Participant: 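What follows is a single structure, and I will ask about it in a moment.
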Protein chains: 2
Amino acid sequence: MRLVVARCQVDYAGRLTAHLPMATRVLMIKADGSVLVHSDGGSYKPLNWMSPPCTLAEGTDADGTAEWVVTSTKTGDSLRILIEEVLSDSAHDLGIDPGLVKDGVEKHLQELLAEHPATLDEGLTLVRREFPTAIGPVDLMCRDSEGRSVAVEIKRRGEIDGVEQLTRYLELLNRDPLLAPVRGIFAAQAIKPQARVLATDRGIACAVVDYDALRGMDDVEARLF
Amino acid sequence: MRLVVARCQVDYAGRLTAHLPMATRVLMIKADGSVLVHSDGGSYKPLNWMSPPCTLAEGTDADGTAEWVVTSTKTGDSLRILIEEVLSDSAHDLGIDPGLVKDGVEKHLQELLAEHPATLDEGLTLVRREFPTAIGPVDLMCRDSEGRSVAVEIKRRGEIDGVEQLTRYLELLNRDPLLAPVRGIFAAQAIKPQARVLATDRGIACAVVDYDALRGMDDVEARLF
DNA sequence: GCCTGCATCTCGCTA
DNA sequence: TAGCGAGGTGCAGGC
């Protein structure tokens, strides 16, 4: 890992072209040759960058100004960095990173609802998780108290594309005479008004899920055993 | 901008929880207080981070180990960084960045097609760009040689969600007796087979757009004037 | 290997 | 300000 603070100008050419005027920035060069150009603001996204695999060539332009050219070995995209003045340049051996451990995403929500389907609709029982279809797996396939099929799509945040996804599943599932009629439940921790309107218009029920309450139910069960 | 290279352990708690075991990493602290934790690999995305607005509190934990706690002032998300050993710590005044100049995205494609609608379908003429509807603007509203309405959705890459989007527009537009019947054209530089199948199934035509050829047509016109 | 769907997405536009 | 679409998206999981 090499960290360079420098007054520089950056030009990217690839899927789009982008230009950064001369200014002081931080250049991060990772061990794999990838380069990040950061300024003192924004979020975690650099102003400009080159993803690996790529190669960095250090040289000088016609005026004798230091010039780095980073080229993607895959797509041919290029990043040209003209360096007017180097304020700091240091290298550090970081070793390989042990990596990130994540927990608590949509998968967990799916697990909890698979264990407590009745919180979505009274009498609902699980048939299977990740029910396979030709266009992808349905999060939960259930059966209601009257024995009818119910497809459940689970999202952390309920937005319009989730309703579209469930709509596609329902359309396909309802072509199967063994399953039809299949109704849908759109479950999320929060459902945006537009998504709710679209779902309702299509006869899809909405269920707002209380993640903490579900976890609580799980804990209670765990204590019983 | 402060750059710290240190052996550290990082724990994030917010939308999810994430843990980074003790290892050497680069900590980037921006002027707005946001923090990025980078390792020597991956792409431009940090292993962990805290977006602004947030505050950084430097202290020590029970064992006397240096501990940074970064807290989001908006969501309450927290990032806890335990620092075992500092290998480098430097600060730099970058000033405000003049910002990025982009060029060549989907907008340009839309402009070109608005000027040359006949490349999508013979005899097609433009009614207007960004034709407003209740659920968002249609990229191009056109009329064909027989005077019928044609809605065009433009994407750089033609994928399934683009077909869904156009389908929603068509459903709505066809409820308007002044416009109906409205047919659709899905235009993109490349259209994925799944998207093409879905579009065809719904009676939507597909048009593959040659960006370079369109630019060429534009250049020719420019030379004539 | 490509394809699909999620993301602590980020970012920019617009009503 | 919130909603919505696009991204040089990145990234993991499945086939």
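Below, each value reflects all heavy atoms present in this structure, side chains not excepted, and no hydrogens, waters or symmetry copies. Numbered from 1 within each chain, the chains take letters A, B, ... in sequence-line order. Given the structure is predicted, the values throughout are model-derived calculations rather than measurements.
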Participant: Quickly work out the B:Leu109 CG to D:dG5 P distance and round it to whole Å.
Facilitator: 18 Å
Participant: Only one of B:Leu113, B:Leu112, B:Thr119 passes side-chain contact (heavy atoms from CB on, under 4.5 Å) with B:Val209; say which it is.
Facilitator: B:Leu113
Participant: Are B:Glu164 and B:Arg168 ion-paired here, with the side-chain N under 4.0 Å from a carboxylate O?
Facilitator: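 Salt bridge flag = no for B:Arg168 with B:Glu164.
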Participant: For the pair made of CZ in A:Arg129 and C1' in D:dG14, what is the distance, rounded to whole Å?
Facilitator: 15 Å
Participant: Students often get this wrong, so: under 4.0 angstrom with heavy atoms, is A:Met50 touching a base, only sugar-phosphate, or nothing?
Facilitator: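 Touches a base.
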Participant: Find the distance B:Asp161:CG to D:dT9:P and express it as a whole number of Å.
Facilitator: 14 Å
Participant: Whole-Å distance between D:dG7 P and B:Lys155 NZ?
Facilitator: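 That distance rounds to 8 Å.
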Participant: Reckon B:Gln165 has a side-chain N or O less than 4.0 Å from the OP1 or OP2 of D:dA6?
Facilitator: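 Indeed, a polar side-chain atom of B:Gln165 lies that close.
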Participant: Restricting to pairs with a member in residues 18-30 of chain B, which pass salt bridge (Lys or Arg N to Asp or Glu O under 4.0 Å), not counting sequence neighbours?
Facilitator: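 As it turns out, the salt bridge (Lys or Arg N to Asp or Glu O under 4.0 Å) pairs with a partner in residues 18-30 of chain B, which skip direct neighbours, are A:Asp97-B:Arg25.
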Participant: Measure the distance from CG on A:Leu100 to P on C:dA7 and round it to the nearest whole Å.
Facilitator: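 Rounded to whole Å, this separation is 14 Å.
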Participant: Nearest whole Å is fine: how far is D:dC4 P from A:Glu164 CD?
Facilitator: 12 Å
Participant: May I have the distance from B:Ile154 (atom CD1) to D:dA6 (atom P), rounded to whole angstrom?
Facilitator: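 Distance check: B:Ile154 CD1 to D:dA6 P gives 11 Å.
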Participant: Among A:Thr24, A:Thr65, A:Leu27, find the residue that satisfies the side-chain contact (heavy atoms from CB on, under 4.5 Å) test when tested with A:Cys8.
Facilitator: A:Leu27
Participant: Protein within reach of the bases, or only the backbone? For nucleotides 9-15 of chain C, mark each nucleotide 5' to 3' as B, S or -, using heavy atoms under 4.0 Å.
Facilitator: SSS----
Participant: Please confirm whether the backbone N or O of A:Ile154 pairs with a side-chain atom of A:Asp139, one donor and one acceptor, at under 3.5 Å?
Facilitator: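 Checking the backbone N and O of A:Ile154 against the side chain of A:Asp139, a donor-acceptor pair under 3.5 Å is found.
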Participant: Would you say that A:Arg80 contacts A:Leu82 through its side chain, given a criterion of any heavy-atom pair below 4.5 Å between the two side chains?
Facilitator: yes
Participant: Would you kindly give the CG-to-P distance between B:Leu16 and D:dC11, to the nearest whole Å?
Facilitator: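 It is 15 Å, rounded to the nearest whole Å.
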